[in-house]
Amino acid sequence: MPTTPAPAPFTADDYRARMARAARSAADAGLAGVLVAPGPDLVYLTGYQPTAITERLTVLVLAAGQDPVLVVPTLEAPDAAHAAGAAALTLRDWTDGKDPYAVTAPLLDVDGRFGVSDNAWAMHLLGLQKELPGTSYVALTEALPMLRAVKDEHELARLEAAGAAADEAYGEIVKVRFAGRKETEVAADLAALLMKYGHSQVDFTVVGSGPNGANPHHEAGDRTIERGDMVVLDFGGLKHGYGSDTTRTVHVGEPDAAEQRVHDVVREAQQAGFEAVRPGAACQDVDRAARAVIADAGYGEYFIHRTGHGIGVTTHEPPYMIEGEERPLVPGMCFSIEPGIYLPGRFGVRIEDIVTVTDDGGRRLNNTDRAMAIVE
């Protein structure tokens, strides 16, 4: 198996620039600052991921014109001090028995409105509101949805590596036996292949055979895959801290004409969505292009989800390729294009690639054959 060197780690300067950009973006949005709890936003901004997320308050405070401060429990301060971005911020710890909200309050504008990471605990937000009743809060996804959306060259390299690893996994899974095996067995094979090709985390391995494929988020179950089944394979996870997510639909033995027709329509829709990608186009234009192909073929009511979602340090994040999202595409954005047709009680088809916006169009980060593979 060919190996490629791991990308160079992000530096304190990388995290310093991200935090400064977040603070500026907050100010531009009319916010007093940003409060970031443990989770993807904290990893992205600081490189710090607590070994355990507990009831003890941990919060990064960012505001234009002041240095970043990470408030942490004293017992977790040594780990926080070793985070890759620690040199770009100030640590302020608090010990058990002290009020963490009283420690945090002096860092905040007493009448400010703050963006808060979506996964912050309600008890922590309520604690801050009690300490500072003049403050108000808005979810970061609403206030700064593009915080992580535009990737730099180092992030793109990680996404490319993750996509290539998922492609390698697909190249091997189509060689295994499907007929007579349970969906869970094929899903386990997929998970093992993602790990074999360098993933540190497997987020999902959807194996939807026959009628189960008509459920877009079917979890692999005990159904035995049979000859004549269409099988949706949707899988991904994290490699080098960045996501993969790809879908191909295979067939056990030769498909009939109706199955082939549906697959051809989805493949055409996926291509149309890709061809709609260009700087300045609206996110909804990608959805419209893919959806039009499926609707024109008479299957519009069976395409029951958005065309795509962003990807980065998580496998699902903004921007979203959906009607009503008028935000323009920008070079460096990365997202899925994954139209599908789901025929209840019969089968489903989905084809998905991760795509990045370039200066003059789009580039796929998944490059396996999108034709229907025949498996045994």
Could you check whether Glu338 pairs with Arg350 (Lys NZ or Arg NE/NH1/NH2 to Asp/Glu carboxylate O, under 4.0 Å)? yes
Between Thr246 and Glu352 (side chain of the first, backbone of the second, donor and acceptor by atom type, cut-off under 3.5 Å), is there such a pair? yes
Give a yes or no on whether a salt bridge exists between Arg223 and Asp229, defined as a side-chain N under 4.0 angstrom from a carboxylate O. yes
Heavy-atom distance under 4.5 Å between the side chains of Val330 and Val357, does that happen here? no
Pairs involving residues 46-71, ordered by first then second residue, that meet side chain to side chain donor-acceptor pair (under 3.5 Å) (sequence neighbours left out): Arg56-Asp96
Is Pro145 close to Arg327 at the side-chain level, that is, under 4.5 Å between some pair of heavy atoms? yes
Heavy atoms of Pro100 and Thr104 approach each other most closely as O-OG1, 2.8 Å
Of all heavy-atom pairs between Tyr44 and Tyr242, which one has the smallest distance, and what is that distance? CD1-OH, 4.2 Å
Checking one residue: Tyr320. Which other hydrophobic residues are in its cluster under the side-chain 4.5 Å linking rule? Ile322
Looking at side-chain heavy atoms only, is the closest gap between Pro40 and Asn119 below 4.5 Å? yes
side-chain hydrogen bond (donor to acceptor under 3.5 Å, both in side chains) against Thr368, all qualifying residues, sequence neighbours excluded: Arg248
Do we see a donor-acceptor contact under 3.5 Å between the side chains of Asp203 and His316? no
Run the side-chain contact (heavy atoms from CB on, under 4.5 Å) check on Val277 and Leu329 step by step: do they pass? CA-CA 8 Å; Val277 175; Leu329 300 180; 4.2 Å; yes
Can you hop from Val252 to Val186 via hydrophobic side chains spaced under 4.5 Å? yes
Start with the C-alpha gap between Tyr170 and Ile173, add the side-chain angles, then the distance that decides, and say whether side-chain contact (heavy atoms from CB on, under 4.5 Å) holds. CA-CA 5 Å; Tyr170 176 72; Ile173 199 66; 4.0 Å; yes
Measure the CG-CG distance between Leu60 and Leu91 for me, rounded to the nearest 0.5 Å. 10.0 Å
Once side-chain hydrogen bond (donor to acceptor under 3.5 Å, both in side chains) is applied, do any residues pair with Gln270, and if so which ones, sequence neighbours excluded? Asp353, Arg364
Which residues share a salt bridge (Lys or Arg N to Asp or Glu O under 4.0 Å) with Arg278, sequence neighbours left out: none
For Lys151 and Gly312, the nearest pair of non-hydrogen atoms, with its separation, is CE-CA, 3.8 Å
Under 3.5 Å donor-acceptor, Glu183 side chain and Ser209 backbone: yes
Would a distance-only check, ignoring hydrogens and angles, find a side-chain to backbone donor-acceptor pair under 3.5 Å from Asp285 to Ala282? yes
Output every pair passing ring pair (Phe, Tyr, Trp, His ring centres under 6.0 Å) with a member in residues 123-156, not counting sequence neighbours, ordered by first then second residue. Trp121-His124
For a side-chain contact (heavy atoms from CB on, under 4.5 Å) check, start with the C-alpha distance between Thr135 and Asp109, then their side-chain angles and the critical distance, and finish with the verdict. CA-CA 8 Å; Thr135 55; Asp109 180 338; over 6 Å; no
Measure the shortest side-chain to side-chain distance between Asp99 and Glu131 over non-hydrogen atoms and say whether it is less than 4.5 angstrom. yes
When rounded to the nearest 0.5 angstrom, what distance separates CG in Leu35 from CG in Leu62? 8.5 Å
Compare every heavy atom of Val103 with every heavy atom of Pro106, then report the nearest pair and how far apart it is. CD-O, 3.3 Å
Table please: side-chain donor-acceptor pairs of residues 296-308 below 3.5 Å, with sequence neighbours left out.
residue, atom, partner, partner atom, Å
His305, NE2, Tyr342, OH, 2.6
Thr307, OG1, Asp287, OD1, 2.8

When clusters are formed by joining ILVMFWY residues with side-chain heavy atoms under 4.5 Å apart, either directly or through shared neighbours, do Ile351 and Val250 land in the same one? no
Using only atom types and a distance under 3.5 Å, with no angle test, would you say the side chain of Gln284 pairs donor to acceptor with the backbone of Gly324? yes
Backbone N/O of Ala37 and side chain of Ser117: donor-acceptor pair under 3.5 Å: yes
Where Ala80 and Val72 come nearest, the two heavy atoms and their spacing: CB-CG1, 4.2 Å
Do Pro211 and Phe347 have side-chain heavy atoms sitting under 4.5 Å apart? no
Pro339 side chain reached by Ile294 side chain, heavy atoms, under 4.5 Å: yes
Please determine whether residues Val176 and Met195 belong to a single hydrophobic cluster, defined as Ile, Leu, Val, Met, Phe, Trp and Tyr linked transitively by side-chain heavy-atom distances below 4.5 Å. yes
Kindly indicate whether a cation-pi arrangement holds for Arg158 with Phe10, taking the cut-offs as under 6.0 Å to the six-membered ring centre and within 45° of the axis. yes
Suppose we screen for side-chain hydrogen bond (donor to acceptor under 3.5 Å, both in side chains). Which residues come up paired with Arg363, at least two apart in sequence or across chains? Glu160
Identify, with sequence neighbours excluded, every residue that meets side-chain hydrogen bond (donor to acceptor under 3.5 Å, both in side chains) alongside Thr184. none
Supply the members, apart from Leu31, of the Ile/Leu/Val/Met/Phe/Trp/Tyr cluster built from side-chain contacts under 4.5 Å; use none for a lone residue. Val138
With sequence neighbours excluded, residues passing salt bridge (Lys or Arg N to Asp or Glu O under 4.0 Å) with Glu185: none
Rounded to the nearest 0.5 angstrom, the CZ-CE distance for Arg21 and Met19 is 11.0 Å
Would you tell me whether Ser244 and His199 have side-chain atoms, one donor and one acceptor, within less than 3.5 Å of each other? yes
Could you check whether any side-chain heavy atom of Cys334 comes within less than 4.5 Å of a side-chain heavy atom of Ile311, counting everything from C-beta outward? yes
So does Gly253 get a backbone contact from the side chain of His251, meaning a donor-acceptor N/O pair under 3.5 Å? yes
Which pair of heavy atoms, one from Ala187 and one from Thr205, lies closest together, and at what distance? CB-OG1, 3.5 Å
Is the backbone N or O of Thr247 less than 3.5 Å from a side-chain atom of Asp234, with the two atoms forming a donor-acceptor pair by type? no
Is Glu219 atom CD crowded by more than 12 heavy atoms from other residues, nucleotides or ligands, each under 6.0 Å away? no
Looking at Thr249 and Val231, would you say the former's side chain and the latter's main chain have a donor-acceptor pair under 3.5 Å? no
Hydrophobic cluster membership, with links at side-chain heavy-atom distances under 4.5 Å among I/L/V/M/F/W/Y: are Val286 and Met146 in one? yes
Across all chains, not counting sequence neighbours, the salt bridge (Lys or Arg N to Asp or Glu O under 4.0 Å) partners of Arg261 are none
Distance-only, no hydrogens or angles: does the Thr224 side chain make a donor-acceptor pair with backbone N or O of Arg181 under 3.5 Å? no
For Asp256, is there any backbone N or O sitting under 3.5 Å from a side-chain donor or acceptor partner on Glu259? yes
When you compare the side chain of His309 with that of Met321, does any pair of heavy atoms fall below 4.5 Å? no
Can Met230 be reached from Val266 by stepping across I, L, V, M, F, W or Y side chains whose heavy atoms are under 4.5 Å apart? yes
Can you list the steps and then say if Thr90 with Leu70 is a side-chain contact (heavy atoms from CB on, under 4.5 Å)? CA-CA 6 Å; Thr90 298; Leu70 180 61; over 6 Å; no
Please evaluate residues Thr11 and Asp13 with respect to the criterion side chain to side chain donor-acceptor pair (under 3.5 Å), reporting the C-alpha separation (whole Å), side-chain torsions for both, the decisive distance (0.1 Å), and the verdict. CA-CA 5 Å; Thr11 68; Asp13 285 341; 4.9 Å; no
